[in-house]
Amino acid sequence: FRRRQMEQLKKQQEEEAAKSKNENEDGEIKAHDDKTETVTMDDQRQKWEDLKKAINGTINRLNKTTIKDLIHSLFQNANLIRGKGLFAKSVIRAATTSPSYAPVYASLLAVVNTKLPEIGELVLVRSILTFRKSYARQDRSLTMSITNFIGCLFNQGLCHELLCLQLLTVLLDGDPTDDSVEVAVQLTKVVGMALSESSPAGIHAVMERFRNLLHDGSIGRRVEYKIEELMGVRKKRFRDYPALIEELDLVEREEQIMFEIGLDDEGLKKEEELDVFNFDENYMENENDWVAIQKEILGGDSDDEDGSDESDDEDTDDDDDDDSDDSDEDDEDGVLKQTPPTRQISKQIVTIQDMTEKDLINLRRKIYLTIMSSATFEECAHKLAKLDIPPGKEMELINMVIECCSQERTFLRYYGLIASRFCLLDQRWSGAFHEAFQDQYNTIHRLETNKLRNVAKLFAHLLHTDSLPWSCLSVIHLNEDETTSSSRIFLKILVQEMAEAIGIGGLVKRFETDDPETMEWYKEMFPKDNPRKTRYAINFFTSIGLGPLTDGLREHLKNAPKLIMMQAEAEARRKAIEDTQSDDSSSVSSTSSSSTSSMSSSSSSSTSSSSSYTSTSSSGYSSTSSSSDESSVSSRGRRRSKGSKRDKNRSGGRSRTQKKGRRDRSRSRSRSGSISAKKKGRTESEKSKRKRSSSLSSRSRSKESGSRRIDDMKRRTTKRSRRERSESTYSSRSESDDDRKVKHRKGKR
């Protein structure tokens, strides 16, 4: 190809020389133009050769210790935009010929990719095409080396994990050969650590495939040993095969650009024309663009070699100019050495605020991917703790955990264990979950039923494991006015889950406590300030099957009237004491003496009235008792006379005795009616007396209450004696009737 280009150039030169001979007037100008064109062509070719040497020399001298210096010199001495084909070809050739240095070349490419992504994409595309070609040819050495290099690119973050999984699938699918299994084992060792973090399910599936091959026995003994060795490496979690070494970890993950290119993507081009020299008509413009990019990459520390080369081409004889240029460059270097302090001051003064919230979006993405890709809750909590979430951003993690939990069809204990682990990890997480409980309860009406159930079960898990303090329940106000249907469903599921976990007895002990601080937490959940709210809480917990929680509320509701009366009496006493104290302090000594005399007279009158009342009542009771005794004696005499007559006239018949029994019953009813009328009269008189006594002063009330107690005692004793007498008369009467019946029967016989 180069020979053809040279022959074409010679032909062009000969034609131009012939044209110059024919045209005499413009011959000198045309000859000069031909000379400049040939110089430009030669100059570009020479630059191309120098570029190739610089790239190849840098890559050949590359290792762990010299990588930083050589990267700087590579950007300084080579135009990578023009020579990206040379760079890609040289890197792939070096990685395939010396696989042990593949991590070093991948690290170099990772640095270049952050500045020039088109170079990284070109190297990755050529690597994929090389793998296709070598796999089709069944070239074991080339396939192993290129897959090793692709694995190193994955460890550096240049390609997606899907590409590695596709490679392993192609190598292990169907009926694999010993060579393909060996290549897959080597690739798994390289990408195992990074792949277990990004896709644990994928690495698990690959290891299961290896285990199946090992059990089938369709591969050679040597490859079986390699698979067993891989199993041991995986048990150690690939500690012997780290993804990145400290010397080669030169790029932050946030700055790296990842290419999502698959193994079966169509339209991948190798672009081999970039590996060969081509004449560039806009050479100077492209060189100037590269100089600008070079200054941006290196930060203005590089020397302007292109400008010095142009000066040498124009005037090579002016040595003084070169010396002056060198001195100017030295002066500029001196100025640059003095300027950094001013730059540091400007950096301290100027603050840039990212209003796009790109960091926040990246943080949310990392949290979500970590939660969804972790195999166990311990792994997830460990990874989330390593994210170093700054203070003030705790709610991002908590909201993401709650959101992921609510999106599930049923509640997964996985999310509850993650949340409890963070609550126990640090106090700031516990306070953040406390705040999240308040927010979720206040906005619970926005959630659907399934989401509401999952969120309630999540917080129930935190409460019954004591990961979250129970003081968060102070937010719940259980009454008809401050609750909605959603909040009641939330509370129902929350309390039922807690009762199921710790038992109804344990839950009752937690709620019925004597600690005043904890009682304040549940004050609004079990309200006692209003009977209406108390009844509502009792009905709510009883309807959801948690009636034992309402025993305290029922007892309080039963004793509520007594408590209200006691409070009212205490308030009245307090007011009376305050009134008496104010009267005593405001009155004069003369008025106080007169008031005391009047009080004594009123007390004496009250005592006399009370004594008269007691005397009248006692006399009334004595008269009634005497009359009742007389009536009972007369009734006994009548019964005896009648009994004697019945004994004499036994042959009178049964009808007469029945009539007499009816008369006796009617008499007893009339007596009981008279007694009840007397009782009613007494109760009415007592009520009237009580009404009269209510108008007396406070001191007379106390005396009247004492006399009233005496009257009550007397009244009770009279009632008891009356009841005993009536019972004795009834029993004697029944006995006499029975005797008569027996005698009558004997007479008949």
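Since the model is a prediction, treat every value here as computed from it, not as a measurement. The analysis underlying the following values was restricted to heavy atoms, covering all of them including side chains, and did not include hydrogens, waters or symmetry mates.
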### Task
Spell out, as yes or no, whether a donor-acceptor pair under 3.5 Å connects the side chain of Asn63 to the backbone of Thr66.
yes

### Task
Check each of Leu122, Leu109, Asp275 against Phe87 using the side-chain contact (heavy atoms from CB on, under 4.5 Å) test, and report the only one that passes.
Leu109

### Query
How about Gln138: does its CD atom have over 12 heavy atoms from other parts shown lying under 6.0 Å from it?
no

### Task
Report yes if some heavy atom in the side chain of Phe279 is under 4.5 Å from a heavy atom in the side chain of Met41; otherwise report no.
yes

### Query
Does Gln294 reach the side chain of Lys115, with side-chain heavy atoms less than 4.5 Å apart?
no

### Query
Could you go step by step and tell me if Glu208 and Arg211 meet the salt bridge (Lys or Arg N to Asp or Glu O under 4.0 Å) rule?
CA-CA 5 Å; Glu208 287 295 325; Arg211 187 175 285 107; 2.9 Å; yes

#### Entry: Under the ring-ring contact (aromatic ring centres under 6.0 Å, His included) test, residues paired with Phe377 that sit two or more places apart
none

### Message
Testing the 3.5 Å rule here: is there a donor-acceptor pair between the side chains of Glu161 and Ser198?
### Response
yes

### Heavy-atom side-chain contact between Glu247 and Lys68 under 4.5 Å
no

### Query
Do Glu182 and Gln186 have a side chain donor and acceptor closer than 3.5 Å?
no

### Flag, side chain of Asn155 to backbone of Leu244, donor-acceptor distance under 3.5 Å
no

### Query
Asn454 side chain to Phe411 main-chain N or O, any donor-acceptor pair under 3.5 Å?
yes

### Query
Near Glu246 CD, under 6.0 Å, is it more than 12 heavy atoms from other residues, nucleotides or ligands?
no

### Query
Can you name the nearest heavy-atom pair linking Leu458 to Gly416, along with the distance?
CD1-CA, 3.5 Å

### Task
Ignoring hydrogens and angles, state whether a donor on the side chain of Glu403 or Tyr368 is under 3.5 Å from an acceptor on the partner side chain.
no

### Message
When you compare the side chains of Gln256 and Asn113, does any donor N or O come within less than 3.5 Å of an acceptor on the partner?
### Response
yes

### Query
Any side-chain heavy atom of Tyr105 sitting closer than 4.5 Å to one from Cys152?
no

### Query
More than 12 non-hydrogen atoms from neighbouring residues, nucleotides or ligands closer than 6.0 Å to CD on Glu448, yes or no?
no

### Message
Go through it in stages, so that I can follow the logic: the residues are Glu287 and Lys47, the test is salt bridge (Lys or Arg N to Asp or Glu O under 4.0 Å), and I'd like the CA-CA distance, side-chain angles, deciding distance and then a yes or no.
### Response
CA-CA 11 Å; Glu287 287 294 323; Lys47 288 284 186 181; over 6 Å; no

#### Entry: SB check Lys84 Glu121 (cutoff 4.0 Å)
no

### Query
Less than 4.5 Å apart, any side-chain heavy atom of Arg126 and any of Lys89?
yes

### Query
Got a salt bridge between Arg45 and Glu49, using NZ or NE/NH1/NH2 to carboxylate O under 4.0 Å?
no

### Query
Can you tell if the side chain of Ile227 reaches within under 4.5 Å of the side chain of Ile219, non-hydrogen atoms only?
yes

### Query
With distance as the sole criterion, is a donor-acceptor pair present between the side chains of Thr96 and Ser145 under 3.5 Å?
no

### Message
Counting C-beta onward and ignoring hydrogens, is there a side-chain heavy-atom pair between Phe154 and Cys159 closer than 4.5 Å?
### Response
yes

### Query
Residues two or more places apart in sequence or in another chain: which of them pass side chain to side chain donor-acceptor pair (under 3.5 Å) with Asn362?
Arg365

### Message
Contact between Leu384 and Phe422 at the side-chain level, heavy atoms closer than 4.5 Å - yes or no?
### Response
yes

### Query
Do Asp139 and Ser141 have side-chain N/O donor and acceptor atoms under 3.5 Å apart?
yes

